[in-house]
Amino acid sequence: MTTKTGRIVGVNGNMVTAEFDLAVHQNEVAYVVVEDLRLIAEVIRIRGRYADLQVFEDTSGLRVGGRIEFADEMLSVELGPGLLTQIYDGLQNPLPAIAEQCGFFLPKGLQVVALPRETEWDFTPKAGPGDVVQAGDVLGTVPEGIFQHWVMVPFAFQGSYRVVSVAAAGSYHVADEIAVLENEDGQFSVSMMQKWPVKRPIRAYAERMRPSEQLVTKMRILDTFFPVAKGGTYCIPGPFGAGKTVLQQLISRHADADVVIIAACGERAGEVVETLREFPVLMDPRTGHSLMERTVIICNTSSMPVAAREASVYTAVTIAEYYRQMGLNVMLLADSTSRWAQALREMSGRLEEIPGEEAFPAYLESVIAAFYERAGIVRLNDGSVGSVTIGGTVSPAGGDFEEPVTQSTLKVVGAFHGLSRARSDARRYPAIDPLDSWSKYPSIVPADELARARKTLRDGREVQEMMKVVEEAGTSMEDFIVYLKAEYLDAVYLQQDAYDAVDGSSSAERQKHVFDVMSKIVTAELDFPEKDSARRFFQTLSQVTKDWNRSEMDSPEFVSLEGRIHDMLAEVARNA
Amino acid sequence: MRKVYHEITQIAGNIITVAATDVGYHELAEVSSPNGTSLAQVIRLEGEHVTLQVFAGTRGIPTNAEVRFLGRRLMTPYADALLGRVFTGSGIPRDGGPRLDENLIEIGGPPVNPARRIIPQKMIRTGIPMIDIFNSLVESQKLPIFSVAGEPYNELLARIALNAEVDIIVLGGMGLKYDDYLYFRDTLEEEGALSRSIMYVHTASDPVVECLLVPDTCLAVAEKFALEGKRVLVLLSDMTNFADALKEVAITMEQIPSNRGYPGDLYSQLAARYEKAVDFEGAGSLTVLAVTTMPGDDVTHPIPDNTGYITEGQFYLRNGRIEPFGSLSRLKQQVNADTREDHRTIMNTMIQLYAAFKEALEKQSMGFRMSAWDLKLIKYGGLFEDKMMDLSVNIPLERALDVGWDILAECFAPEETGIPTRLIEAFWPAKAAVVAVAETGGEDGTVEQAA
């Protein structure tokens, strides 16, 4: 086959305009040839004989007249065993392999295969000759870390196929033929690896279901107050310094997902490094293996090429969907979707499109919606269930949630964890605003108790506002106690010490147990002679409860501190 | 032999367009006219039209000026001989010393592979409690100082530079007032630090576009030194001028502005510079401290806003003090666990109480009656500001932590602080505790009577 070629007629930042002769298609991959390098690019607009390409690498040195080769395929990723534990850039180049070749820096124009070809995998066939299969059906399995990785009929295969042969049990490379399938069009060879265009959702499942099962993150404020469901979506908008990334890191550690995909999109490299270096040595208590064994990192940090940011979120979600097809619960954490939106804005500007609000392109909203809609819990063809949960951070300009990216995101997500500068300034972490945030998913605690706790928080805030006007003396004792209860609930339940080994992760069971005690305190009618003694009571109660939070559940210390909380409460409870 | 072009078709702002062929994107050119010679860089290719930004400005450039393409990208000399010298953004000596033209290195080189980065873990001690205790500075960190005009940010920068244990200081001045340039030079010289410093200075009176070169040059040179095992501290003042220069070029190029006239890629442009901060495994490190003056003291202005999303925290300098609220070192958790076991607790407790103090102060200013608790907070706030926040305090971390316990014990009873019982037992100053309890009783009594 001859290569379709074109030539450069203009360069503007990372946009290259090319003149072409043969048909090209929208979103086709092209390579811009500069000296002995081939820079990967994507067609994003076609006008007459000219195509505008976004180049995923630094464009320095390109010349008018330079050669362009069109690849006749859309931007795709390789799917197969070997993805877990990997660290990829936005275009699925493995970064550790590049580091081995090139040292400290990321040279441009380097393309390295995503799945190591020489690794051998222990294949066990599950299908046999004569079986009728369709896209997504299991042909066999290979062990990948803690999972049985399913080798499936490629998702691009449409309709039914008959299995002609399946390889015998044994060791194979990812690219080796492991099965031959046929239909009326002929015979097709299948290996353990397949390619899939990143911008197209993988839909080889029977049906999509409603997310209803809770995804436990071990963060009290999330699981109890603003829960996330398996297959659901949530967003964390917040000004800088409010703790978006720390929150995402904590979720990536503690969430009860099978596979975690981290898409570090246009953010600080240092933050990814923490994950890179710490996950291999952190143990996942559920599996007894390192956290890295369930993790894939897609890393396109802020100093890496801007256009690849967009690719990075799609690469991440495609890999997430792939593992969902194996009946696993996958969590995708994207940090930050605003950087991706900015990349869209940069490109839109270069294309001289008519800008929307804050110069973001008019299609921003539909692009964001389409991304979050790739989350979901699905029933596969064989009846098993898998899910992709997407959590994205948003970095609103000026911390103002009215800006386009936050607003577009809020329309499509199932939970909103809004971070507040006031809370983070007061070191109330996690700084999720308990009054502004919301979730459409069910909580782990009873709804009526939760509603009461919410009401206390809201009333407490009102009293606090009122006290600013009428001062403490002008506040009734009843109101003042509501305020103290709200502050107490905030201090010991909403806030959580991420750096404490015990308090840092609170199991669902523990949360239910503790919340029950909180409910009792919140509803208890308390009697105090005057306000200062009420304040002192709650200060001491907070102290004891915080110590309780830091003690291992069901340890003697835990039991004794809980007893003390009950005793303290009994002393001041009315009618005691 | 490179071709020379004479046909300038457009001059607007500091941008010229010339008809030329076989020119590389980002290639460097020399624009010569009877009024002088300037470097220029290709920023757009469109068929035969090549658009360049002229570093020395376009004033006096005729349409038939000579444009000679150099066939290379921006380079700057790199040598040990740079130490103790002062240059302009394009590497021309400012101090009357000899020109250095050998061993040219490319500026704005490729990014560091995240897989080769390591977790920073070496604290840089500054002797300033608001930094050392509350927001520790860490090697390879990138931190801006958010400030407004008139604040002593350059003094703070200089003081950190002199206290910090680093091998080399690279100072980049952008739109620096001439006086401030002299201040830096003289201070470094007086303290004997000039011989380990390199300065790249663009003053307020120099052509605007040249300002764009300063951060890249500083960082390229600093990166080389870091690769050779040196611990380098890069000081940049003021990044707001850099961003404004970007804006000027973008608008001249008729780019659609995103926010208050700034280009949509402001975030990426700033990130490309700040992300040069790195700790090379087995070699040296590069730490960046940059001043960002906030126009109108508005942190939501696009420059500080984008900066905050890129950097690993920020110091707010206000009324001559580093504000505890908003100021943040994102890397402090990497180092403050291994200093002393009470470090983190003191850090959190004191800030929480200081926040409560601010609320009490608000009540006081509105003429509300103060509760016993409010009075304690007011006392605490005063002590905290004098003994911790004041920039003249210059004590080592351990001493500062002790001061912290003293302040707490002077104002509160142990259980009022919310500090874990274990640490109270280990660190609470014994004598003061008794005094504090006695005082509490007394104050309570007074308030009761007043009510």
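Letters go in sequence order (proteins before strands), and every chain restarts at 1. Any value given below was found using the heavy atoms of this structure, including those in side chains, with hydrogens, waters and symmetry copies removed.
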Ring-face cation of R330(B) near F240(A) (centre distance under 6.0 Å, axis angle within 45°): no
Looking only at heavy atoms and a cut-off of under 4.5 Å, which of [options] has the most pairs with chain A?
options	answer
G109(B), P114(B), G313(B), A355(B)	P114(B)
V112(B), I256(B), L227(B), V50(B)	V112(B)
I118(B), N348(B), V299(B)	I118(B)
E254(B), E415(B), E281(B)	E281(B)
G264(B), A115(B), G308(B), S327(B)	G308(B)

Working for salt bridge (Lys or Arg N to Asp or Glu O under 4.0 Å), residues E275(B) and R117(B): CA-CA 11 Å; E275(B) 282 281 322; R117(B) 284 179 184 258; 3.7 Å; yes
Sidechain-backbone polar pair: [X] side chain, [Y] backbone, donor-acceptor under 3.5 Å:
X	Y	value
R421(A)	G241(A)	no
Q86(A)	Y88(A)	no
D22(B)	R63(A)	no
E487(A)	L484(A)	no
N113(B)	L95(A)	yes
E57(A)	K108(A)	no
Q249(A)	E271(A)	yes
K276(B)	P111(B)	no
Y274(B)	P144(B)	no
Q141(B)	T287(B)	no

Could you tell me which of [options] has the largest number of non-hydrogen atom pairs under 4.5 Å with chain B?
options	result
R350(A), E278(A), R309(A), K531(A)	R309(A)
G13(A), G65(A), G349(A)	G13(A)
S60(A), G10(A), G398(A), S302(A)	S60(A)
T301(A), L62(A), V9(A)	L62(A)

With only heavy atoms counted, which part of [X] is less than 4.5 Å from chain A, the side chain, the backbone, both or neither?
X	value
D279(B)	neither
R344(B)	side chain
R73(B)	side chain
L328(B)	side chain
E362(B)	side chain
E48(B)	neither
E106(B)	neither
Q255(B)	neither
Q269(B)	neither
P324(B)	backbone
T311(B)	backbone
Q314(B)	side chain
P257(B)	backbone
N259(B)	side chain

Segment of [X] engaging chain B (4.5 angstrom heavy-atom cut-off):
X	value
P396(A)	both
R345(A)	side chain
V469(A)	backbone
E358(A)	both
E274(A)	both
L276(A)	side chain
E267(A)	both
K244(A)	side chain
K468(A)	both
E35(A)	neither
V272(A)	neither
T59(A)	both
D58(A)	side chain
R550(A)	side chain

For F325(B), the option from Y316(B), Y354(B), F134(B) that meets ring pair (Phe, Tyr, Trp, His ring centres under 6.0 Å): Y354(B)
Atom pair OG1/CZ of T300(B) and R260(B) - distance to nearest 0.5 Å: 5.5 Å
T421(B) and D547(A): side chain donor to acceptor below 3.5 Å: yes
Modelled atom types, side-chain donor and acceptor of E46(B) and N12(A), under 3.5 Å: no
Note: K363(B)-D374(B) ion pair, threshold 4.0 Å (strictly below): yes
Stepwise side-chain contact (heavy atoms from CB on, under 4.5 Å) check, R339(A) with S395(A): CA-CA 8 Å; R339(A) 304 301 159 223; S395(A) 318; 3.3 Å; yes
Ring geometry between F412(B) and W373(B) (parallel below 30°, tilted from 30 to 60°, perpendicular above 60°): tilted
Candidate pair E416(B) and R536(A), rule salt bridge (Lys or Arg N to Asp or Glu O under 4.0 Å), full reasoning: CA-CA 8 Å; E416(B) 288 171 330; R536(A) 262 201 305 280; 5.7 Å; no
Aromatic contact, F104(A) with F280(B) (centres under 6.0 Å): yes
